[in-house]
Amino acid sequence: MRIPESLAKQGKERIKDYPVEGFVYGEGPDNPVIMLVGEAPGETEIHNGIPFSGRAGKELMQSLEFLGLTRDDVYITSAVRSRPYKWGQKKDRKSGEMIDRKYNRAPTAKEIVAHAPILDYEVKNVHAPLIVTLGNIGLQRLAGKDKKVTQIHGQLLKQPVQYLETMDDTKFKWTEEDYEIFPTFHPAAIFYNRSLEEKLKEDLEKLKKLIEERGLKQKN
Ligand code: URA
């Protein structure tokens, strides 16, 4: 599934006044085993156009392997499709001089709203039997601001998801139909907090069971 070019163009236009760069399309088949919803692309992704292809992506591919899945089995997207950045300084290793560089940051509420029509379209058209949110940004974008990944990771939610009814709206509405959402941690969270590794492993075991029980993917 690839979003229509007109929607991508609109998304780029809606976010152009914010400090973001690049645009990465969601990627995956029409009827994936699961849909993965992350936060926003990073530097690697905006250069090669492949979602979750950087350091977090490597971690995510290990999780998929544990689930018996590959990149081709899943639809990968995120709340925001451009890289949110902030300027900072870093010491140049050779010269010792301080140089300006861009650092990743979490997307703001306005940036999430700017790209909401894109994720709304994907949720509606990808037909994933299960949506796996990676971290708080993806979880709260779909399931509501009151949800916290640390509190509900590994618990299957069955509920409406948030969407923008019109392009001019700044507040989300709730869909009439329910979706199944499985919240877990963002793969990059593991880098900053190794104690999450065990919890992620437990979540993946539950997710693997769910996938198998429902026959979403043949056991291997
Ligand atoms: N984090 C995301 O949410 N998406 C990417 O593509 C990379 C990192």
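Computed from a prediction, not measured in an experiment: that's the story for all the values here. Along the sequence shown, residues are numbered consecutively beginning with 1. Atoms within each ligand, like the ligands themselves, are counted from 1 in listed order.
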Query - Pocket residues of ligand 1, ordered first by chain and then by residue number (heavy-atom cut-off under 4.0 Å) - result: Gly38, Glu39, Ala40, Pro41, Glu45, Pro51, Phe52, His186

Could you tell me which residues satisfy salt bridge (Lys or Arg N to Asp or Glu O under 4.0 Å) with [X], sequence neighbours excluded, listed by chain and number?
X: Glu13; result: Lys16
X: Arg105; result: Glu111
X: Arg214; result: Glu180

Report task. Could you label the plane-to-plane angle of the Phe52 and His186 rings as parallel, tilted or perpendicular, counting under 30° as parallel and over 60° as perpendicular? Result -> tilted

Query - Cation-pi check, Arg81 onto Tyr25 ring (under 6.0 Å, within 45° of axis) - result: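 No.
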
Requested in this report: Decide yes or no for Pro29 and Asp72: does some side-chain heavy atom of the first lie under 4.5 Å from some side-chain heavy atom of the second?
Outcome: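 Side chain of Pro29 against side chain of Asp72, heavy atoms only: no contact under 4.5 Å found.
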
